[in-house]
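Remarks on the structure that follows.
When reading the values below, keep in mind they use all heavy atoms of this one structure, side chains included, and skip hydrogens, waters and symmetry mates. Below, read A as the first sequence line, B as the second, and so on, with proteins coming before strands; counting in each chain starts at 1.
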Protein chains: 6
Amino acid sequence: MTDRLEDFRREREELNKEILACGHLGMKRFFALDHQTYEPGALDEKTKELLGLVASTVLRCDDCITYHLVRAGETGWTRAEVIDALNVALVVGGSITIPHVRRAFARMREVPGLRGEVE
Amino acid sequence: MTDRLEDFRREREELNKEILACGHLGMKRFFALDHQTYEPGALDEKTKELLGLVASTVLRCDDCITYHLVRAGETGWTRAEVIDALNVALVVGGSITIPHVRRAFARMREVPGLRGEVE
Amino acid sequence: MTDRLEDFRREREELNKEILACGHLGMKRFFALDHQTYEPGALDEKTKELLGLVASTVLRCDDCITYHLVRAGETGWTRAEVIDALNVALVVGGSITIPHVRRAFARMREVPGLRGEVE
Amino acid sequence: MTDRLEDFRREREELNKEILACGHLGMKRFFALDHQTYEPGALDEKTKELLGLVASTVLRCDDCITYHLVRAGETGWTRAEVIDALNVALVVGGSITIPHVRRAFARMREVPGLRGEVE
Amino acid sequence: MTDRLEDFRREREELNKEILACGHLGMKRFFALDHQTYEPGALDEKTKELLGLVASTVLRCDDCITYHLVRAGETGWTRAEVIDALNVALVVGGSITIPHVRRAFARMREVPGLRGEVE
Amino acid sequence: MTDRLEDFRREREELNKEILACGHLGMKRFFALDHQTYEPGALDEKTKELLGLVASTVLRCDDCITYHLVRAGETGWTRAEVIDALNVALVVGGSITIPHVRRAFARMREVPGLRGEVE
């Protein structure tokens, strides 16, 4: 499955570029605001990424989960911590989130720092 | 499309096993609780599976719909009854559920007891 | 709390009447279709009301829950069966449905056939 | 019911002021962006308000519906047009939106330009 | 990506036919009602398609977005107007809609009238 | 507004007691599991409460927001940190969450540790 994360990244980047180039100022501002949201503020970057991951999971958005899993790995969360966060989402969001939790586990195999085995 | 249900089953089983083996007690308990929910209680197993199907449809989760369609077939619901249940979901959930109802019809072609033709 | 169900009924009836009298044919047809959905078909009326209750609970609509609780009582479901159905909704929909399950329990105090004590 | 719209307005204004004064730059920017979204662009203000109304209805947010009903009245939509838009939301969102459509009708009694009778 | 829209159309048509032929009168009526919803009424067809697009986007249904993008192109909305409508959906529905907005941009490449370049 | 939090607490406690006493083992287990979810694990209690708050906000559940605001105050989050978390929810969930963010600000006036003024 390793290259699937690569596919996601390439398509995401390509389409984001198309959106930012489309000339709509409002979209451009929203994308900038979205980016700034996860920058350090009263909360640090690391904490905010975990909030983004849980929000994405209860709202059941696989692409958003993938993005925040990668960021969670980059900001230093461990696999056990990420699983504990996914469990909060699972209990809040119910069994309807299970397919997304399953896909999150599959995705973690591709995310440095979140793989199940010793790295 | 027949092997697609097989694919779903294999991936689901494989990832469920990975989740149950990950060492998080809360997730393990949630999965057990989810399983117990559909066991006979004040309501029988058959009725509960139909409730699960309708809940999955209004919440628009294709994997959950697939799972409960299979269980609906196994617990003895007929194709006409399942369609009548999907219709409740369609009216409650609106036209936004139509793509999921379409995929439910496609999936039923693979589910013993729910196929359109004489079996 | 008994008169609160009465308030709900009066307001609901009054506004439904206003909607049906507003002259929009599409709305009129939707209301008719919604009504027909719970009439006996491949599934009987009683089963469909329970489907409506669970759909309303996972979608977290208190007014819809109230309506279907009343109908569940009228079509002969017992308190234990209704609670078992609410439990399916709770597990599918997660802890975010708990406030609605709480209000469902409060509402059942007013619904003949679903009250906690011997009637 | 006339003063209820007044209550909504006062509380909304008071709390918006509190949020904008809280010192969080991200929230301030989001509120500004939200405001700009409905300003004339490729689409005019009037069209966008109707889009906001339908989005609010399918997402089942009564306060948002109230806000956009007022704006729909101010930008010149007629009662019949607003009802036709609510009907799109009703069919897309299903019967679960009915309680919100009912409250939209109740609210329209207070909105200049959208009242049922000759004004 | 051009043939993907063709695939969507073929599968959609094939399954809609199967649903309409399944003998459930309620579903048949819902599909008819859904169709009538976008016919000219107090609002014209063109306006209603844009309402359908925004409703589909905030409810995050890719198939519904595809359908309404095609209809938006057919009823004469320009690319700039469609993007302005998607921006309303983005701000109302939040960053969780971004993957769907991305896919809407990808889809517009296949929709006559909504392509990015001079046609 | 001070006593409104008290009202929420009393009703919540009373109805939780009624649910736990209703004799349904599944509900009892779900409530226990929900409680355990926020106990220290790979993540500490404090972090999990913030995850619960953001999940509740994007899912737009006022009662759940109130509960987690109280717990956020108890576990030591400051007002500025809670506002930063609400901002993540606002951007992820979009303007449809604004009424809930407004009510969260109103509620914080009653929560020790989260009030706007010097305490």
Side-chain angles (χ1 to χ4, degrees), chain B residues 1-5 7-8 50-51 53-66 68-69 72-73 77-119, chain E residues 4-5 7-39 45 48-71 89 92-93 96-97 99-100 103-104 107:
Chain B
M1 229 177 128
T2 306
D3 62 75
R4 284 186 47 203
L5 180 54
D7 289 347
F8 166 76
L50 210 64
L51 299 177
L53 175 64
V54 167
S56 301
T57 307
V58 297
L59 290 175
R60 303 165 45 210
C61 172
D62 290 324
D63 281 7
C64 313
I65 292 171
T66 288
H68 287 292
L69 282 176
W77 291 107
T78 66
R79 178 175 168 87
E81 289 165 335
V82 164
I83 289 173
D84 210 15
L86 290 174
N87 184 54
V88 172
L90 173 63
V91 171
V92 173
S95 70
I96 206 79
T97 67
I98 288 180
H100 304 273
V101 170
R102 271 202 289 267
R103 286 191 280 269
F105 269 79
R107 185 59 82 198
M108 281 196 282
R109 296 171 184 164
E110 301 177 77
V111 179
L114 303 184
R115 291 193 188 93
E117 302 142 46
V118 181
E119 295 182 82
Chain E
R4 285 187 48 204
L5 180 53
D7 289 348
F8 166 75
R9 272 177 173 144
R10 203 187 50 247
E11 281 186 38
R12 179 177 176 277
E13 202 168 319
E14 179 190 322
L15 284 163
N16 278 2
K17 214 183 290 184
E18 186 173 328
I19 293 173
L20 294 175
C22 84
H24 195 288
L25 190 59
M27 287 210 174
K28 212 167 177 164
R29 282 185 181 143
F30 189 92
F31 273 66
L33 192 59
D34 180 35
H35 182 78
Q36 292 156 9
T37 301
Y38 299 93
E39 289 179 342
E45 206 183 4
K48 292 194 193 186
E49 286 300 338
L50 209 65
L51 298 177
L53 175 65
V54 167
S56 301
T57 307
V58 297
L59 290 175
R60 302 164 46 209
C61 171
D62 290 324
D63 281 8
C64 313
I65 292 171
T66 288
Y67 176 78
H68 286 292
L69 282 175
V70 171
R71 293 288 301 136
V92 173
I96 206 78
T97 67
H100 303 273
R103 286 190 281 271
R107 184 59 82 199

Any idea which heavy atoms bring B/Ile96 and E/Cys64 closest together, and the distance?
CD1-SG, 3.8 Å
Neighbour count >12 (heavy atoms, 6.0 Å) for atom CD, E/Glu13
no
Heavy-atom pair with the smallest gap, counting every atom of B/Ser95 and E/Phe30:
N-CZ, 3.5 Å
Check each atom of B/Leu86 against the heavy atoms of chain E and say whether the ones under 4.5 Å are side chain, backbone, both or neither.
both
For E/Tyr67, is it the side chain, the backbone, both, or neither that has a heavy atom closer than 4.5 Å to a heavy atom of chain B?
neither
Measuring heavy-atom distances to chain B, does E/Asp62 have an atom under 4.5 Å in its side chain, in its backbone, in both, or in neither?
neither
CD1 on E/Ile19 to CZ on B/Phe105, rounded to 0.5 Å
5.0 Å
With rounding to the nearest 0.5 angstrom, report the CG to CD1 distance, E/Asn16 to B/Ile98.
7.0 Å
Taking C-beta and beyond as the side chain, do E/His24 and B/Leu90 meet within less than 4.5 Å on heavy atoms?
no
Smallest separation among heavy atoms of E/Met27 and B/Ile83, with atom names
CE-O, 3.5 Å
Between E/Arg60 and B/Arg60, what is the shortest heavy-atom contact and its length?
O-NH2, 3.3 Å
